[in-house]
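First the structure, in the form of structure tokens, and then the observations on it.
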2 protein chains.
Amino acid sequence: MLKQSTDVIVKALKEKGLRVTPQRYAVYANLRNRADHPTVEQILKDLNQDLPISSQATIYSSLQALRDVGLVREVLLEEGVSRYDANVSPHHHFRCDCCGDITDIPWHSLPELSLESLPPGLHAQTYEVTVKGLCEPCYRHSLSASG
Amino acid sequence: MLKQSTDVIVKALKEKGLRVTPQRYAVYANLRNRADHPTVEQILKDLNQDLPISSQATIYSSLQALRDVGLVREVLLEEGVSRYDANVSPHHHFRCDCCGDITDIPWHSLPELSLESLPPGLHAQTYEVTVKGLCEPCYRHSLSASG
DNA sequence: TTCCTAAATAAGAACTATTCTTATTTAGAG
DNA sequence: CTCTAAATAAGAATAGTTCTTATTTAGGAA
């Protein structure tokens with residue numbers, strides 16, 4: 001199933017004018033194949049678990065290149081670390097207060113917000129909602145712990 | 001006008017069981033008296049501009065104490081730095097894409113969101129909206145630059 | 001008011017995520 | 001196949017934050 005994405009990934013990189021290097025390919029493929037929003041450390045560990053594929057510095061520079069062309073975006077929901085997301089179409093995020101896990105919320109799962117009555121002088125272009133609460137595992141755990 | 005807040009601040013700290021130290025008082029008072037969402041560096045500079053009031057380490061620990069009791073919250077909207085906000089009642093944020101300035105958006109400036117149709121397994125408790133765009137100065141600047 | 005002790009502060013070392021530097025390697029155009 | 005601009009690896013450097021320890025202090029008790 002990774003094979004299917006190969007063309008797509010190479011094509012995406014080339015369309016954006018990026019050279020297709022093994023490291024850059026691996027970083028982007030990794031991001032596309034996971035639903036969480038990994039940190040650089042997690043990507044590094046994942047890529048190099050069997051054989052060395054990329055150094056940490058190169059993961060940073062690959063992510064920067066991918067961000068510059070709009071294939072990847074940075075997600076800031078936690079103190080001190082950046083997380084990365086290959087889903088660049090508009091969507092919202094859910095963050096578990098307990099374990100910190102981040103889940104995408106499809107754009108249309110929430111009603112469209114009218115930005116009509118913002119305070120004056122704010123020229124809005126986009127918005128995004130961050131929902132906080134408990135994910136299923138943490139929710140169950142909290143039930144059994146307190147009840 | 002600062003005088004007016006004195007009682008309020010001392011009272012707030014005591015109610016939360018915090019010792020009232022000059023440093024802690026100064027940090028909280030400073031946060032309450034400004035509308036932006038300063039970084040530790042900005043608070044440090046502001047507090048010590050005339051005479052030395054607090055070290056950087058103490059600002060960190062004061063903020064931690066204030067956060068622990070719910071008088072202050074952390075705002076994460078920028079890579080690499082935490083910002084702090086003494087407004088702990090629910091509200092949204094506007095972030096200027098150009099200069100990075102952050103403005104509070106009153107809760108009722110945006111319609112209440114229904115969290116009914118979230119993906120299953122997400123137990124939502126709160127949410128908050130981040131609106132991005134241009135603030136007035138940057139907007140005007142962009143007009144005159146491109147037109 | 002004075003004393004006492006747990007808590008807070010200052011200063012700087014330590015830590016961690018990220019960026020920068022430089023020598024080496026390589027993708028991909030010609 | 002060659003060539004060159006761009007990418008990589010490795011580690012040094014940087015910046016924000018946390019930790020450590022000796023000293024000071026807030027505020028309750030005597």
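Numbered from 1 within each chain, the chains take letters A, B, ... in sequence-line order. Every heavy atom of this structure was used, including side-chain atoms; hydrogens, water molecules and symmetry mates were not.
Out of D:dA26, C:dT18, C:dA27, the shortest distance to the side chain of A:R19 is found at C:dA27. Distances from the side chain of B:A57 to the nucleotides C:dA11, C:dA8, D:dA9 place C:dA11 closest. Ranking C:dT19, D:dA10, D:dG27 by closeness to the A:Y60 side chain, first place goes to C:dT19. Considering only the side chain of B:S62, C:dT9 comes nearest among C:dA10, C:dT9, C:dA27. Here the side chain of B:V20 is nearest to one of D:dT17, D:dG27, C:dA17, namely D:dG27.
In this structure, B:P22 reaches the sugar-phosphate backbone alone: every heavy-atom distance under 4.0 Å involves primed, P, OP1 or OP2 atoms, never a base. As judged by a 4.0 angstrom heavy-atom cut-off over every strand, A:I53 is placed among residues touching the sugar-phosphate backbone only. Counting any heavy atom pair closer than 4.0 Å across all strands shown, A:T39 reaches no nucleic acid atom.
In this pair, B:Y139 and A:H123 present their aromatic rings parallel. The plane angle is below 30°, not in the 30 to 60° band. Taking the six-membered ring for Trp and thresholds of 30 and 60 degrees, B:Y127 and B:W107 have ring planes inclined between 30 and 60 degrees apart.
Checked against A:Q56 for a side-chain contact (heavy atoms from CB on, under 4.5 Å), the options A:N48, A:I43, A:L44 give a single hit: A:L44.
The pair B:R67-B:E74 counts as a salt bridge, with a side-chain nitrogen and a carboxylate oxygen less than 4.0 angstrom apart.
Atom pair A:Q64:CD and D:dA6:C1' shows a separation of 16 Å (rounding to whole Å applied). Protein atom CD of A:E41 is 16 Å distant from nucleotide atom P of C:dC15, rounded to whole Å. Atom-to-atom, NZ of A:K45 to P of C:dT16 comes out at 15 Å; the value is rounded to the nearest Å. One can place CD of A:Q56 at 9 Å from P of C:dA17, the figure rounded to the nearest angstrom. In this entry the distance linking CD of B:E74 with C1' of D:dT17 reads 11 Å, nearest Å. Summarising the geometry, the separation between CG on A:L44 and P on C:dT16 is reported as 15 Å, rounded to the nearest angstrom. Atom CG of B:L18 is separated from atom P of D:dA26 by 15 Å (rounded to the nearest Å). B:Q23 has its CD atom 14 Å from the C1' atom of C:dA11, to the nearest Å.
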Please evaluate residues A:N87 and A:S89 with respect to the criterion side chain to side chain donor-acceptor pair (under 3.5 Å), reporting the C-alpha separation (whole Å), side-chain torsions for both, the decisive distance (0.1 Å), and the verdict.
CA-CA 6 Å; A:N87 177 1; A:S89 61; 2.9 Å; yes
